[in-house]
Structure formats: structure tokens, C-alpha cells
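In what follows, a single structure is set out as C-alpha cells and then discussed.
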Amino acid sequence: MRQLLVLADHKLVWLVQMTPAIAASHKGRSFDLQNDFRRLPLFLGDRNNVNNLLVPVSAPAFQDKLIDFFGANLLFSQFSSHYMLKLLPTIQWLKPMLAADARIVHWPPQLAAAYGKDFMTTVAQTIHRADHNTP
């Protein structure tokens with residue numbers, strides 16, 4: 001959850017690339033988180049312009065966590081170009097939940113342990129690119 005807020009501060013969001021069939025139906029077809037979402041390519045990208053920055057990320061266990069957050073309404077979705085579905089943090093819910101937890105949590109090492117150093121390196125590099133507007 002903390003990472004979602006940090007990414008939002010850098011104007012970055014997680015995205016999944018919808019299949020043409022799912023994208024074309026746009027709410028006319030039920031979207032199965034376990035079967036549909038899990039199979040879709042995951043990206044980290046610019047919240048306002050997916051053409052500006054779109055980095056593929058292969059992290060199935062992390063994608064499963066995003067499914068959990070989406071199912072718990074801690075993320076909401078917004079369609080974007082190129083069949084992209086933005087996963088936007090529900091900040092008005094996340095901030096109070098995190099504020100209620102007084103523990104000091106060093107979450108970057110926990111994420112690295114859970115999803116790998118390559119995952120964290122990709123995220124850090126994407127934040128750097130976003131902050132410096134580099135392609």
C-alpha cells in the first residue's frame with residue numbers, strides 16, 4: 001500500500017494491458033480478476049500519459065497482490081489508450097489505513113524479499129525516469 005502512494009507521488013501507476021476482446025466490451029463483459037487479470041501483461045507507467053512512459057514488469061506474485069487490492073477496492077480502474085487499464089490507488093482509503101498503523105515499516109526490503117531485487121530495481125529506475133522525464 002505504501003508503494004502505491006509513493007508511486008502516486010511520482011505520478012506513476014500500475015497498468016494492465018487488456019485483450020482486444022475485453023477492451024472492446026468495455027463494461028459489457030464481466031471481468032474475472034482471477035482468470036482475466038492474472039493473465040494480462042503488467043506495466044508501470046505515467047498516470048497522465050501512457051505513451052510517455054510504459055515499463056513492462058514481470059512479477060506474477062505482485063500482480064496477485066494487485067488483484068487482492070483491486071478486489072478490496074483499494075485500487076480503482078480507469079480505461080486508457082492502447083487497451084490499458086490504469087490501477088489507481090484509492091488514496092482516501094489507503095491514507096487512513098496506513099495512518100492507523102503506527103508501526104515503523106521498512107517496506108522496500110520487504111517488497112524486495114517478496115518480489116525480487118529486479119522488481120525493485122525496475123520500480124526505482126521507472127521513478128527516476130519519471131522524475132527526470134527521460135524516455
Side-chain angles (χ1 to χ4, degrees):
M1 287 190 283
R2 293 182 196 283
Q3 183 201 55
L4 293 172
L5 295 179
V6 167
L7 293 174
D9 287 343
H10 294 277
K11 297 180 177 38
L12 294 170
V13 293
W14 291 103
L15 304 101
V16 290
Q17 187 175 26
M18 309 288 276
T19 64
I22 294 173
S25 67
H26 185 74
K27 298 183 185 178
R29 176 184 182 274
S30 61
F31 182 71
D32 184 318
L33 288 175
Q34 297 303 319
N35 294 313
D36 293 330
F37 189 106
R38 181 172 279 125
R39 294 186 204 142
L40 300 174
L42 180 66
F43 295 86
L44 184 57
D46 186 316
R47 176 188 174 129
N48 298 318
N49 183 357
V50 297
N51 293 315
N52 184 39
L53 180 65
L54 194 61
V55 177
V57 177
S58 178
F62 182 75
Q63 196 158 344
D64 286 344
K65 183 52 78 175
L66 289 176
I67 290 169
D68 293 343
F69 285 170
F70 192 70
N73 294 319
L74 298 176
L75 293 168
F76 67 98
S77 60
Q78 181 181 64
F79 282 94
S80 185
S81 62
H82 306 290
Y83 308 119
M84 301 306 287
L85 184 68
K86 293 180 187 179
L87 305 172
L88 302 161
T90 310
I91 292 174
Q92 68 270 23
W93 290 12
L94 289 174
K95 282 188 176 182
M97 289 173 69
L98 292 171
D101 184 358
R103 295 176 296 161
I104 296 174
V105 178
H106 301 289
W107 57 269
Q110 290 178 349
L111 289 181
Y115 308 117
K117 289 180 183 178
D118 289 342
F119 171 81
M120 292 303 290
T121 299
T122 300
V123 171
Q125 289 173 344
T126 306
I127 289 171
H128 179 79
R129 288 173 57 194
D131 290 348
H132 295 92
N133 296 319
T134 56

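Positions are given from 1 along the sequence.
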Name the atoms and distances for all side-chain donor-acceptor pairs under 3.5 Å in residues 1-11, with sequence neighbours left out.
| residue | atom | partner | partner atom | Å |
| --- | --- | --- | --- | --- |
| His10 | ND1 | Asp131 | OD1 | 2.8 |
| His10 | ND1 | Asp131 | OD2 | 3.0 |

Would you be so kind as to tabulate the donor-acceptor pairs closer than 3.5 Å made by side chains of residues 105-114, with sequence neighbours excluded?
none

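For the atom pair NZ (Lys86) and CG (Asn48), the distance works out to 6.0 Å, reported to the nearest 0.5 Å.
Partners of Thr126 according to the side-chain contact (heavy atoms from CB on, under 4.5 Å) rule, which considers only residues two or more places apart in sequence or in another chain, are Leu12, Leu44, Leu53, Val55, Thr122. Applying the side-chain contact (heavy atoms from CB on, under 4.5 Å) test to Pro56 and every residue at least two apart in sequence or in another chain returns Phe43. A search for ring-ring contact (aromatic ring centres under 6.0 Å, His included) contacts involving Phe62 returns Trp14, Tyr115, Phe119, not counting sequence neighbours. With sequence neighbours excluded, the residues satisfying side-chain contact (heavy atoms from CB on, under 4.5 Å) with Thr90 are Phe76, Gln92, Trp93.
Considering only heavy atoms from C-beta on, Leu85 stays 4.5 Å or farther from Leu40 through its side chain.
Listed here is the closest heavy atom pair of Arg38 and Gln63: O-NE2, 3.7 Å.
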